[in-house]
Amino acid sequence: MQLTVNKWGNSSAIRLPKQLVQQLQLHTNDILDYEVSGNKIILKKATTVPELTVDDLFKDYHGEPVSVTPFIFESVGHEQW
């Protein structure tokens, strides 16, 4: 199957046929990872890493309780705490 590279604003784009989208179970706004191998582009559905909370991180901790007040840092960029 062939796809055509089209202009999209200042970028180039390809459109994925409906059958391919359904086969790969893709949805609007899904994020894809890509890899270039020679003259091939390999697209993969991006794996998402769930955001962890402090409760999640320590849910199985059965040691001594911590009695120290944690130091809270201010975000200076796009950190996710």
Side-chain angles (χ1 to χ4, degrees):
M1 174 183 295
Q2 292 183 340
L3 302 173
T4 303
V5 177
N6 292 307
K7 188 82 169 150
W8 188 9
N10 290 328
S11 300
S12 297
I14 57 170
R15 236 188 310 194
L16 301 177
K18 181 179 179 180
Q19 299 85 351
L20 181 60
V21 170
Q22 289 174 338
Q23 181 181 353
L24 298 175
Q25 299 178 358
L26 297 173
H27 304 284
T28 302
N29 296 323
D30 275 355
I31 297 174
L32 301 175
D33 288 326
Y34 73 91
E35 176 183 324
V36 177
S37 177
N39 65 344
K40 297 178 184 178
I41 302 170
I42 302 167
L43 298 174
K44 297 178 186 178
K45 206 170 188 179
T47 55
T48 57
V49 179
E51 287 190 32
L52 296 174
T53 65
V54 172
D55 292 334
D56 293 333
L57 292 171
F58 290 97
K59 70 179 179 186
D60 297 322
Y61 178 74
H62 302 292
E64 293 290 320
V66 178
S67 61
V68 181
T69 304
F71 182 80
I72 307 297
F73 293 91
E74 279 190 41
S75 295
V76 294
H78 298 291
E79 299 93 350
Q80 292 184 357
W81 299 96

Open item on the list: The criterion is side chain to side chain donor-acceptor pair (under 3.5 Å); which residues satisfy it with D56, sequence neighbours excluded?
Closed with: T53
- [ ] Rounded to the nearest 0.5 Å, what's the gap from NZ on K59 to CG on L52? Could you check?
- [x] 9.0 Å
Output a table of donor-acceptor pairs, distance under 3.5 Å, between side-chain atoms of residues 30-45 and any protein atom two or more places apart or on a different chain; print 'none' if there are none.
residue, atom, partner, partner atom, Å
D30, OD2, H27, N, 2.7
K45, NZ, Q25, O, 2.7

- [ ] Return the set of residues passing side chain to side chain contact (heavy atoms under 4.5 Å, CB included) with V5 (not counting sequence neighbours), or none when no residue passes.
- [x] S12, I14
TODO: Sort and list the pairs that fulfil salt bridge (Lys or Arg N to Asp or Glu O under 4.0 Å) and have at least one residue in residues 7-25, not counting sequence neighbours.
DONE: none
